[in-house]
Engineer: 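Pasting a structure here, questions to come.
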Protein chains: 2
Amino acid sequence: MNYSRQREAILDFLRSMKVKHPSADVVYVNVKKRFPNISLGTVYRNLNLLADNGTIAKVKLPSDADRFDHNTEPHFHIICENCGQIEDVGSALVNIDVVSIEKLSGFSVNAGRIVLKGLCPACRKKLSPIKRKDNKK
Amino acid sequence: MNYSRQREAILDFLRSMKVKHPSADVVYVNVKKRFPNISLGTVYRNLNLLADNGTIAKVKLPSDADRFDHNTEPHFHIICENCGQIEDVGSALVNIDVVSIEKLSGFSVNAGRIVLKGLCPACRKKLSPIKRKDNKK
DNA sequence: CTAAAAATAATAACCATTACTGTTTTTAAT
DNA sequence: ATTAAAAACAGTAATGGTTATTATTTTTAG
């Protein structure tokens, strides 16, 4: 893997934490400030390269764009069902009975990254007690 | 919601369990046997209608097509990373410390449906001890 | 039987992502 | 420093799952 200025800028942005768990698109618009000609494909390719070699982590969400995380320590996430913001959840707070699951299902469990759903503090305040907008896809 | 023969056939197929957690596309090709002119849009619309009114459940997966489940009882799923097959996991086998998560993150938790990752029995046998094919997206 | 409401088939549009292509940058060896 | 091969790039086309649109057909209530 050769050095590239674009990849460096992408990693810099992720580590700067200006946005906490950005999607490829958010990385794109931000890195564009430094590299106005950068293409979205380049952002995707580099985010995937960095995720593949373990420099960053890819957070795959159901029905939403992948997010990228500079924190590669094992942990889970919770996503706001209203605004899509995601936040870390310590891995100690979710307990998976792997042995029983393997025994009952026959699957081998790869106690992967878990995504919980909920409402972030801002959306909670904004939407309650009014029924929140149903933006399921 | 008016009666429709197509919707009835879709629900029949789901309940027949010929395929366990079918995607919209699998429902489509199967219901097509009874209704050769049915359109994929009709399948999607009806699956979503049935999921919205609680008759069936929609299982959203990261980086894979949604699946539909005739079983609406709360439970989790495990997906085979090799072949995409999904299996039920009893909700007792995953313990989420909702109180602590809410305290620490500020989110309200909607202890949603969780999807674990692993290898189904068939793929385990087929791929081990050979390194399994890496089909991440 | 009829008219309004709902559902349909067919197709176009959408969005996130990947694939392709010809050009530029990086690297390692001369 | 020069150069040639490898890697990365920008730009764009293509893909896959899903939703939206529209004109036609089916369902239902009166």
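Order of the sequence lines fixes the chain letters, A, B, ..., with proteins taken first and strands second; residue numbering starts at 1 for each chain. Heavy atoms only: backbone and side chains are in, while hydrogens, waters and symmetry mates are out.
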Engineer: Hey, does Tyr44(A) reach any base, or is it just sugar-phosphate, or nothing, if we go heavy atoms under 4.0 Å?
Structural biologist: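 Touches a base.
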Engineer: Quick one: are Lys117(A) and Arg113(B) in side-chain contact, heavy atoms under 4.5 Å?
Structural biologist: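 No. Closest side-chain heavy atoms not under 4.5 Å.
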Engineer: Please determine which of Arg34(B), Lys18(B), Arg7(B) meets the salt bridge (Lys or Arg N to Asp or Glu O under 4.0 Å) test together with Asp12(B).
Structural biologist: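 Result: among Arg34(B), Lys18(B), Arg7(B), Arg34(B) is the only option passing the salt bridge (Lys or Arg N to Asp or Glu O under 4.0 Å) with Asp12(B).
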Engineer: CG of Asn37(A) versus C1' of dT23(C): gap in Å, rounded?
Structural biologist: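 Rounded to the whole Å, the gap is 13 Å.
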Engineer: Under 4.5 Å between side-chain heavy atoms, counting indirect links through other Ile/Leu/Val/Met/Phe/Trp/Tyr residues: same cluster for Leu61(A) and Phe76(B) or not?
Structural biologist: no
Engineer: Quick check on dC9(D): is either OP1 or OP2 less than 4.0 Å from any side-chain nitrogen or oxygen of Ser4(A)?
Structural biologist: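 Yes, Ser4(A) has a side-chain N/O under 4.0 Å of OP1/OP2 on dC9(D).
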Engineer: Regarding Asn46(B) and Gln6(B), do their side chains bring together a donor and an acceptor under 3.5 Å, going by distance alone?
Structural biologist: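 No, no side-chain donor-acceptor contact under 3.5 Å.
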Engineer: Given dA8(D), dT8(C), dT18(D), identify the nucleotide with an atom nearest to the side chain of Met1(A).
Structural biologist: dA8(D)
Engineer: Give Arg45(B) one of three labels, base, sugar-phosphate or nothing, depending on what nucleic acid heavy atoms sit under 4.0 Å from its own.
Structural biologist: base
Engineer: Taking the nucleotide of DNA chain C with the closest heavy atom to each, which residue, Lys32(B) or Tyr3(B), is nearer the 5' end?
Structural biologist: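 Going by which nucleotide is closer to the 5' end, it is Tyr3(B).
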Engineer: To the nearest Å, how far apart are Arg7(B) CZ and dT25(D) P?
Structural biologist: 20 Å
Engineer: Give a yes/no answer on whether the side chain of Thr42(B) brings an N or O atom under 4.0 Å of OP1 or OP2 in dA9(C).
Structural biologist: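 For Thr42(B), the contact criterion (side-chain N or O under 4.0 Å from OP1 or OP2 of dA9(C)) is met.
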Engineer: If the plane angle is over 60° it's perpendicular, under 30° parallel, otherwise tilted; pick one for His77(B) and His21(B).
Structural biologist: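 Taking His21(B) first and then His77(B), their aromatic rings stand perpendicular (interplane angle over 60°).
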Engineer: To the nearest Å, give me how far apart CG (Asn53(B)) and C1' (dA7(C)) are.
Structural biologist: 15 Å
Engineer: Kindly say if Gln6(A) contacts the phosphate of dA10(D), meaning a side-chain N or O under 4.0 Å from OP1 or OP2.
Structural biologist: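 Answer yes for this pair, as a side-chain N or O of Gln6(A) is under 4.0 Å from OP1 or OP2.
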Engineer: Between dA16(C) atom C1' and Asp64(B) atom CG, what is the distance in whole Å?
Structural biologist: 15 Å
Engineer: Please state how far atom CG in Asp66(B) lies from atom C1' in dT19(D), giving the value in whole angstrom units.
Structural biologist: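 Computing the Asp66(B):CG to dT19(D):C1' distance gives 12 Å.
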Engineer: Could you tell me the separation between the CG atom of Asp52(A) and the C1' atom of dT18(C), rounded to a whole number of Å?
Structural biologist: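 These atoms are roughly 13 Å apart.
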Engineer: Between Asn2(B) (CG) and dA6(C) (P), how many Å, whole number?
Structural biologist: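 Result: 7 Å.
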Engineer: Hey, does Ile38(A) reach any base, or is it just sugar-phosphate, or nothing, if we go heavy atoms under 4.0 Å?
Structural biologist: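 Sugar-phosphate contact only.
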Engineer: Whole angstroms only, please: what is the CZ-P distance between Arg5(B) and dA9(C)?
Structural biologist: 9 Å
Engineer: Over all strands shown, is Asn46(B) touching base, sugar-phosphate only, or nothing at heavy-atom distances under 4.0 angstrom?
Structural biologist: sugar-phosphate
